[in-house]
Amino acid sequence: MNRITLKNIKFSEWNSEETNCFQADIYFDKKKVGLCSNEGHGGNTWCQWNDREDRPKYDEMLEYCKTLPPIIVEGMFGHEGFEIDANIENICDKLFEDWLKAKDDKKMKKNFEKGICFGDDYGYQISKFQLGGKGITISEIVKTQQGIEHLKKVCAEKKNQGYKIFNTNLPFEV
């Protein structure tokens, strides 16, 4: 699948209902060959070659898709995972989902300094800290042993409530 990439991705979160509303350019072997889009209302992702001159390379990409193993879709909400065909529509959906996850992970990592990020595979929250009525960062808290012990206690409480701790900037194992 690494021969196929999406670029110039545009995501409309506000217009996403049953599926994600997005559009992107499809590249095959680093050449733009088509475009894909999903209106976000529960329908399939639409894929099409870009220009008439791109059609042969687009068709080559479709043949390449037939050689790929099925895409594994992880189970959600207690359901088992399953496999789907590696056709261009499903590949574009997977690439978009990977892009979206990377974007969300990057955003979450920016919050690591603000507090403890905890949650599950579907979202997270931030537990922020104050000292004397003023916000305090994780870097400031870990300067003292008392601060480290407090963070350990907060993390243990969140884990006991069934949450995962996402921070990678803590000076201890979570």
Working to the nearest 0.5 angstrom, can you tell me the gap between N90 CG and I84 CD1? 3.5 Å
Exercise: identify the closest heavy-atom pair between A86 and I91: O-CD1, 3.6 Å
Could you list all the salt bridge (Lys or Arg N to Asp or Glu O under 4.0 Å) pairs where at least one residue sits in residues 163-174, not counting sequence neighbours? D121-K164
Holding to salt bridge (charged side-chain N to carboxylate O under 4.0 Å, His left out), I want the full list of residues that pass it with K158, two or more places apart in sequence or in another chain. none
Distance-minimising heavy-atom pair for G123 and F166: O-CE1, 4.3 Å
Look up atom CD in E60 and atom CG in L62, then write down how far apart they are to the nearest 0.5 Å. 10.0 Å
When you compare the side chain of I148 with that of T144, does any pair of heavy atoms fall below 4.5 Å? no
Could you give the distance from CD (Q23) to SG (C92), rounded to the nearest 0.5 Å? 12.5 Å
Who passes ring pair (Phe, Tyr, Trp, His ring centres under 6.0 Å) against F28, sequence neighbours left out? Y64
Measuring only between side-chain heavy atoms, which start at C-beta, is K10 closer than 4.5 Å to F22? no
Would you say L68 ends up clustered with M61 if hydrophobic residues are merged whenever their side chains have heavy atoms under 4.5 Å apart, either directly or through other cluster members? yes
Check whether N111 reaches the backbone of C117 with its side chain - one donor and one acceptor, N or O, closer than 3.5 Å. no
Given 3.5 Å as the limit, does a donor-acceptor pair link the side chain of S16 with the main chain of S12, or not? yes
Cluster question for you: counting only ILVMFWY and a side-chain heavy-atom cut-off of under 4.5 Å, with indirect links fine, are M108 and I116 together? no
Sub-4.5 Å side-chain heavy-atom contact between T137 and K114: no
Please say whether the positively charged group of K152, taken as NZ for Lys or CZ for Arg, lies over the ring of F172, i.e. under 6.0 angstrom from the six-membered ring centre and within 45 degrees of the axis. yes
What pair of heavy atoms forms the shortest contact from C36 to T45, and how long is it? CB-CG2, 4.1 Å
Do I9 and I26 sit in one hydrophobic cluster, given that two such residues count as connected whenever their side-chain heavy atoms are within less than 4.5 Å of each other, even indirectly? yes
Is the number of heavy atoms from other residues, nucleotides or ligands under 6.0 Å of D59 CG greater than 12? yes
Which heavy atom of I4 sits nearest a heavy atom of L95, and at what distance? O-CD1, 3.6 Å
Taking only residues at least two apart or on different chains, which pairs with a member in residues 21-33 satisfy salt bridge (Lys or Arg N to Asp or Glu O under 4.0 Å)? R3-D29, D25-K32, D29-K57, K31-D54
Summary of salt bridge (Lys or Arg N to Asp or Glu O under 4.0 Å) pairs that have at least one residue in residues 42-52, sequence neighbours excluded: none
Can a donor-acceptor pair be found, under 3.5 Å and without considering hydrogens, that links the side chain of E113 to the backbone of S139? yes
What residues form a salt bridge (charged side-chain N to carboxylate O under 4.0 Å, His left out) with K143, not counting sequence neighbours? none
Could you list the residues that satisfy side-chain contact (heavy atoms from CB on, under 4.5 Å) with E89, not counting sequence neighbours? C47, N87
Is there side-chain contact between N50 and L35, with at least one heavy-atom pair below 4.5 Å? yes
Any sub-3.5 Å donor-acceptor pair from N20's side-chain atoms to G40's backbone N or O? no
Under the rule for side-chain contact (heavy atoms from CB on, under 4.5 Å), what residues qualify as partners of E157, not counting sequence neighbours? K153
Is the shortest side-chain heavy-atom distance between D104 and K101 below 4.5 Å? no
For K109, give me all partners under salt bridge (charged side-chain N to carboxylate O under 4.0 Å, His left out), at least two apart in sequence or on another chain. none
Shortest non-hydrogen contact between N15 and C21, atoms and distance: ND2-SG, 3.5 Å
Examine F129 and Y124 and state if one hydrophobic cluster contains both, with Ile, Leu, Val, Met, Phe, Trp and Tyr joined whenever side-chain heavy atoms are less than 4.5 Å apart. no
ILVMFWY cluster, I141 and I126 together (side-chain gap under 4.5 Å): no
If I take atom CG from residue N167 and atom CG from residue L170, how far apart are they, to the nearest 0.5 angstrom? 4.5 Å
Taking only residues two or more places apart in sequence or in another chain, which ones pass ring pair (Phe, Tyr, Trp, His ring centres under 6.0 Å) with F112? none
Smallest separation among heavy atoms of T19 and G42, with atom names: OG1-N, 3.2 Å
Which residues pass the ring pair (Phe, Tyr, Trp, His ring centres under 6.0 Å) test with F11, not counting sequence neighbours? F96
Going by salt bridge (Lys or Arg N to Asp or Glu O under 4.0 Å), name the pairs with one or both residues in residues 128-139, residues two or more places apart or in two chains. none
Which value, rounded to the nearest 0.5 Å, describes the distance between D120 atom CG and Y163 atom OH? 8.0 Å
